[in-house]
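Here's the structure we're looking at; comments come further down.
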Amino acid sequence: MSPWVCLRRNIHLFELRIMSLIGPFLGAGLIQDMTSFTGETAVLAWMLTCYSLVALRKREPDLERPYKIPGGMAMGIFASVVTTVVFVLLFIPGSPPYVGPLAIKMFFGWMIIGLILYLASAGQRKGMTEKDLRAGVFAGMEERKATHTKHG
């Protein structure tokens, strides 16, 4: 397993432990907003996954794909549209999935923190070749592939 994968897992476990310890002291009213914030981020991740699927199918049509989605590219485009509509509705007051003002502030605050960290790490990425960047993104893929073929 890649050291980057282990590091990411450990960081997420650490965050989970901290939030579990702090959560009870934040008050019951914040739980709904935290849940809504989590929902916003899940819909965003789902939406980005759908757009990535469509982009990869166009840019890398010959890439090996162990999982074929029913409906192919049409389903990817449909899923992209649906997730975009749901994501937009999360921020419109009065719409059924509206998450509330505090959850929206938390979401945009989190996005600003992410943007700052992304920009701060630009220097590290600037010196890397595309091959190095791909190696970092797909770290551990061969190990997972070998494990999957052994058990599958």
Side-chain angles (χ1 to χ4, degrees), residues 1-61 63 65-126 128 130 133-141 143-145 147-148:
M1 184 176 300
S2 164
W4 291 109
V5 174
C6 291
L7 179 63
R8 286 185 198 132
R9 274 192 193 148
N10 289 336
I11 289 172
H12 292 308
L13 288 174
F14 177 74
E15 292 169 350
L16 183 61
R17 289 181 188 131
I18 294 298
M19 290 305 293
S20 297
L21 290 172
I22 295 173
F25 302 104
L26 297 176
L30 191 59
I31 291 174
Q32 179 179 354
D33 291 312
M34 290 291 286
T35 304
S36 296
F37 166 70
T38 304
E40 286 171 314
T41 58
V43 172
L44 176 64
W46 185 27
M47 182 178 72
L48 293 175
T49 300
C50 294
Y51 280 109
S52 297
L53 178 137
V54 171
L56 276 174
R57 299 284 164 136
K58 286 183 179 180
R59 282 191 211 131
E60 306 267 353
L63 195 65
R65 293 182 170 84
Y67 175 74
K68 306 286 186 206
I69 60 167
M73 182 67 105
M75 181 59 75
I77 292 169
F78 175 73
S80 298
V81 170
V82 169
T83 54
T84 301
V85 168
V86 171
F87 186 72
V88 169
L89 287 174
L90 291 171
F91 299 95
I92 298 175
S95 67
Y98 178 63
V99 293
L102 182 56
I104 291 172
K105 289 175 188 171
M106 291 165 58
F107 177 79
F108 282 109
W110 198 253
M111 291 295 110
I112 290 168
I113 290 169
L115 180 64
I116 291 168
L117 292 174
Y118 176 77
L119 294 173
S121 68
Q124 292 175 338
R125 289 187 310 279
K126 198 170 199 155
M128 298 177 79
E130 185 169 336
L133 289 171
R134 282 181 178 259
V137 168
F138 297 110
M141 177 97 43
E143 295 170 14
R144 288 191 297 271
K145 187 176 177 182
T147 304
H148 177 70

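Nothing here was measured: the structure is a model prediction, and the numbers come from that model.
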Response to the item:
CE of M47 to CG of L44, rounded to nearest 0.5 Å, is 5.0 Å

Discussion item. Applying ring pair (Phe, Tyr, Trp, His ring centres under 6.0 Å), can you list everything that pairs with F91, at least two apart in sequence or on another chain?
Written reply: F87, F107, F108

Practice prompt. Could you note down all residue pairs passing salt bridge (Lys or Arg N to Asp or Glu O under 4.0 Å) where residues 49-60 supplies at least one of them, sequence neighbours left out?
Written response: E60-R134

Do any side-chain atoms of residues 112-121 form donor-acceptor pairs under 3.5 angstrom with protein atoms, and if so which ones, sequence neighbours left out?
residue: S121; atom: OG; partner: L117; partner atom: O; Å: 3.3
residue: S121; atom: OG; partner: Y118; partner atom: O; Å: 3.0
residue: S121; atom: OG; partner: R125; partner atom: NH1; Å: 2.6

Worksheet item: Between V99 and I104, which heavy-atom pair has the shortest distance, and what is it?
Response: CG2-CG1, 3.7 Å

Worksheet entry | Within residues 77-95 or reaching into it, pairs that qualify as side chain to side chain donor-acceptor pair (under 3.5 Å) - sequence neighbours excluded | Y51-T84

Practice prompt. Write out all pairs satisfying side chain to side chain donor-acceptor pair (under 3.5 Å) with one or both partners inside residues 22-47, taking only residues at least two apart or from two chains.
Written response: none

Response to the item:
Between L56 and R65, the two heavy atoms sitting closest are O-NH2, 3.1 Å

Item to complete: Of all the heavy-atom pairs spanning M75 and I69, show the shortest one and how long it is.
Response: CB-CD1, 4.2 Å

